[in-house]
**Q** 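Quick one: the structure is below, and I'll ask about it shortly.
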Amino acid sequence: MVLGGGFGGAQAALTTDGLLGDGHRITVVDRSEASYLCGANPLLMVGERPRAGVTRPLATLAEHGIDLVLDEILTIDPDGRRVQTTRQVLPFDYLVVALGAVYDWNAVPGSGAAGSFYDHAHSVALREAVGRFEGGKVVVAVSGAPYKCPPAPLEAALVLEWHFRKRGVPAQIHLCIPEPAPLAVAGPETAKRVADVLTSRGVVLHTQATATSLEDSGRRVYLSDGSTLDADLSMVVPVHRAPAVAVEAGLTMGMPWVPVDPETLETRAAPGVFAVGDVNSIPIGGERALPKAGVFASAQGRLAAEVIASRVLGTSPPAPYDGAGSCFLHLSGEEVAEVGGVFLAPGGPQVGLGDPRPASFKERWEAEWQRFEI
Ligand SMILES: Cc1cc2nc3c(=O)[nH]c(=O)nc-3n(C[C@H](O)[C@H](O)[C@H](O)COP(=O)(O)OP(=O)(O)OC[C@H]3O[C@@H](n4cnc5c(N)ncnc54)[C@H](O)[C@@H]3O)c2cc1C
């Protein structure tokens, strides 16, 4: 049984189905009929993607013979091996928890009244505000770490700068991030290259500065470094948390995210219960954890499926998870670069920033996602 049909859950289900074949039942439970590709939101907010978003229907999983249950998951009972949804109790032999992260709009007072590109509904509202914007100060502020796809706020700042320049709208963009440097997780060389791109485009970078509260519908932004920014347009990256249903099941073991064996993605709390994607936390050395991103969630979903299939079939387990993957960083509406590498390489993360490529490169990735290949 797979909880969540997003990046991680879909790949876990499809891979298990492919490896086990007939004689086994794979069930995916999700409350939503379709997934939105959040990676398209920065372009959606400047009108470069359809207002309806980039989506894929979960019904496609059913076409592969996977049982699809569209329902709210209420409780997970790891010891009793069952999941309670609004309408039924579902027993399982193996479980993959791929429930993602939830946004806590109350953690930073006033953040709910500002703009955001972190979900589809907010991105659509922001598209209207960006379209009406006639000039002034724009603030893009992260509320705290960890947050999905660390390149996304940088990308939003760069895409906005490109969009307003193209429209001839005078805008000064301020970007506030918790890290000491942009993409600090990718090492000092990458961080410097990204900081140079931002400053060369006139983006004012505030490091180790997160939004602590917002007033007047986001027109005043208070930051953790004690400064205040008055904004004509503001947008926040909300505080992320593990879903309550995973916490209440004991899977987080008192920590903010679900701890897992980094080699197999089996939860520390319950044998035969795996956690993949944004819901887990995988240390990569020091205080750092693997970034939360769809590419990692997909790869983890596949790996957990291979581990489960090897146990069911009595075959050799797969090679340990390597934390390989890269995210996209749109430098404008026309150019995109990849940032990533192997985060669990022996000796420490091997991560860097690729050279700029035409934006069509990412469009191909979006199409692959829509075909459930990612
Ligand atoms: C602006 C932005 C840009 C991004 N860009 C990129 C990018 O370029 N590349 C990249 O790889 N990643 C990117 N990401 C990150 C990526 O979207 C996430 O990391 C990814 O979606 C995580 O996958 P997941 O399977 O862990 O969770 P999700 O995809 O969030 O799936 C979780 C699923 O669980 C379901 N669910 C949750 N709780 C319940 C419940 N109680 N009952 C029923 N169903 C439930 C949800 O409906 C959802 O379908 C970006 C994110 C944002 C916000």
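A quick note: this is a predicted structure, and the numbers were derived from the prediction, not measured. Both ligands and their constituent atoms are indexed starting at 1 by order of listing.
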**Q** Please indicate whether any nitrogen or oxygen in K148 is less than 3.5 Å from any nitrogen or oxygen in ligand 1.
**A** no
**Q** Touching ligand 1 at all, Y147? Heavy atoms, strictly under 4.0 Å?
**A** no
**Q** Give a yes/no verdict on a cation-pi contact between R56 and F372, requiring under 6.0 Å between NZ or CZ and the six-membered ring centre and an angle within 45° of the axis.
**A** yes
**Q** If you count the atoms of ligand 1 from 1 in the order shown, which ones are under 4.0 Å from a heavy atom of G4?
**A** 33 (C), 34 (O)
**Q** Give me the nearest non-hydrogen protein atom to atom 2 (C) of ligand 1 as residue plus atom name, then the distance to 0.1 Å.
**A**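 So the nearest neighbour among protein heavy atoms is C38 O, 3.5 Å.
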**Q** Which ligand 1 atoms does K292 reach within 4.0 Å, using its non-hydrogen atoms?
**A** 19 (O)
**Q** I need the atoms of ligand 1 closer than 4.0 Å to a non-hydrogen atom of F328, numbered in the order shown.
**A**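 Those of ligand 1 that fall under 4.0 Å from F328 are 8 (O).
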**Q** Hey, does I73 come in under 3.5 Å of ligand 1, counting only N/O atoms on both sides?
**A** yes
**Q** Would you mind running through ligand 1 and noting each atom that sits below 4.0 Å from a heavy atom of F117?
**A**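 This gives 1 (C) as the contact atoms.
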**Q** Could you tell me whether R219 and D230 make a salt bridge, using a distance below 4.0 angstrom between a side-chain N and a carboxylate O?
**A** no
**Q** Flag K362 as yes when one of its N or O atoms lies below 3.5 Å from any N or O atom of ligand 1, and as no otherwise.
**A**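 No: no nitrogen or oxygen of K362 is under 3.5 Å from one in ligand 1.
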**Q** When you look for heavy atoms under 4.0 Å from ligand 1, do you find them on the side chain of Y36, its backbone, both, or neither?
**A** neither
**Q** Decide, yes or no, whether a salt bridge links K362 with E368 under the criterion of side-chain N to carboxylate O below 4.0 Å.
**A** no
**Q** Which is it for P243 and ligand 1 at heavy atoms under 4.0 Å: side chain, backbone, both or neither?
**A** neither
**Q** First locate atom CG of L61, then atom CD1 of I66, and finally report the distance between them rounded to the nearest 0.5 Å.
**A**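 It comes to 5.0 Å.
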**Q** May I have the step-by-step check of ring pair (Phe, Tyr, Trp, His ring centres under 6.0 Å) for H122 and F117, ending in yes or no?
**A** CA-CA 6 Å; H122 280 88; F117 46 92; over 10 Å; no
**Q** Say whether, by atom type as modelled, one donor and one acceptor occur between the side chain of D77 and the main chain of R82 under 3.5 angstrom.
**A** no
**Q** Closer than 4.0 angstrom: is that true for some heavy atom of V279 and an atom of ligand 1?
**A**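 No.
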**Q** Test your reading of the model: is there a side-chain donor-acceptor pair from T27 to the backbone of D67, 3.5 Å cut-off?
**A**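 Side chain of T27 to backbone of D67, a donor-acceptor pair under 3.5 Å: no, none is there.
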**Q** So, is A101 polar-close to ligand 1, with some N/O to N/O distance under 3.5 Å?
**A**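 For ligand 1, there is no N or O atom that lies under 3.5 Å from one belonging to A101.
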**Q** Go through ligand 1 atom by atom and flag the ones less than 4.0 Å from a non-hydrogen atom of F7.
**A** 20 (C), 21 (O), 23 (O), 25 (O), 29 (O)
**Q** For ligand 1, find out whether one of its N or O atoms is nearer than 3.5 Å to an N or O atom of D30.
**A** yes
**Q** Within the structure, is a non-hydrogen atom of S35 found at a distance of less than 4.0 Å from ligand 1?
**A** no
**Q** Among all protein heavy atoms, pick the one closest to atom 27 (O) of ligand 1 and tell me residue, atom and distance.
**A**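 It is G100 CA, 3.4 Å.
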**Q** Which one of A246, A98, A12, C327 has a non-hydrogen atom at the shortest distance from atom 9 (N) of ligand 1?
**A** C327
**Q** What part of R31, side chain, backbone, both or neither, has a heavy atom within less than 4.0 angstrom of ligand 1?
**A**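 R31 to ligand 1: contacts from backbone and side chain alike.
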**Q** For atom 45 (C) of ligand 1, which candidate among D119, V69, L99 provides the closest heavy atom?
**A**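 Selected option, by shortest heavy-atom distance: L99.
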**Q** Considering G5, G39, G6, P238 one by one, which has a heavy atom nearer to atom 31 (O) of ligand 1 than any of the others?
**A**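 The residue whose heavy atom sits nearest atom 31 (O) of ligand 1 is G6.
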**Q** Just jot down the side-chain contact (heavy atoms from CB on, under 4.5 Å) partners of R302, sequence neighbours excluded, or say none.
**A**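 Listed in chain order: Q11, T15, S298, A299.
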**Q** Using 4.0 Å as the upper bound for N to carboxylate O, is an ion pair formed by D196 and K192?
**A** yes
**Q** Do S224 and T210 meet the criterion of a side-chain donor-acceptor pair at a distance under 3.5 Å?
**A**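 Yes, side-chain donor-acceptor contact under 3.5 Å.
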**Q** Is the shortest N/O to N/O distance between A152 and ligand 1 below 3.5 Å?
**A** no
**Q** Hey, is A293 touching ligand 1 through its side chain, its backbone, both or neither, going by heavy atoms under 4.0 Å?
**A** both
**Q** Going by atom types alone, do H163 and E161 pair a side-chain donor with an acceptor below 3.5 Å?
**A** no
**Q** Show which atoms of ligand 1 fall inside a sub-4.0 Å distance from at least one heavy-atom site of G277.
**A**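 The list of qualifying atoms is 26 (O).
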**Q** Using a strict cut-off of less than 4.0 Å between a Lys/Arg side-chain nitrogen and an Asp/Glu carboxylate oxygen, indicate whether R49 and E366 qualify as a salt bridge.
**A** yes
**Q** With only distance considered, is G8 within less than 3.5 Å of ligand 1 through an N or O on each side?
**A** yes
**Q** Nearest protein heavy-atom contact for atom 7 (C) of ligand 1: which residue, which atom, what distance?
**A**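 Nearest neighbour among protein heavy atoms for atom 7 (C) of ligand 1, to 0.1 Å: C149 SG, 3.7 Å.
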**Q** Could you tell me the separation between the CD1 atom of I76 and the CD atom of Q84, rounded to the nearest 0.5 Å?
**A**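 Reported value, rounded in 0.5 Å steps: 12.0 Å.
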**Q** As an exercise, state the distance from CG of L233 to CG of L126, rounded to the nearest 0.5 Å.
**A**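 The CG atom of L233 sits 6.0 Å away from the CG atom of L126.
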**Q** Determine, considering heavy atoms only, which of D278, V83, V2 sits nearest to atom 19 (O) of ligand 1.
**A**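 Result: the heavy atom closest to atom 19 (O) of ligand 1 is in D278.
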**Q** Which pair of non-hydrogen atoms, one from H206 and one from L223, has the smallest distance, and what is that distance?
**A** ND1-CD1, 4.4 Å
**Q** Strictly below 4.0 Å, N to O, side chains only: are R51 and E128 in salt-bridge contact?
**A**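 Counted as a salt bridge, because a side-chain N and a carboxylate O are separated by less than 4.0 Å.
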**Q** Atom 16 (C) of ligand 1: which protein heavy atom is closest, and how many Å away?
**A** G294 N, 3.5 Å
**Q** Salt bridge check, R167 against E134: does any charged N sit closer than 4.0 Å to a carboxylate O?
**A**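 Salt bridge absent between E134 and R167.
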**Q** List ligand 1 atoms under 4.0 Å from S32, heavy atoms only on the residue side.
**A**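 Those of ligand 1 that fall under 4.0 Å from S32 are 47 (O).
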**Q** Looking at ligand 1, would D71 count as a contact under a 4.0 Å heavy-atom criterion?
**A**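 It does; at least one heavy atom falls under 4.0 Å.
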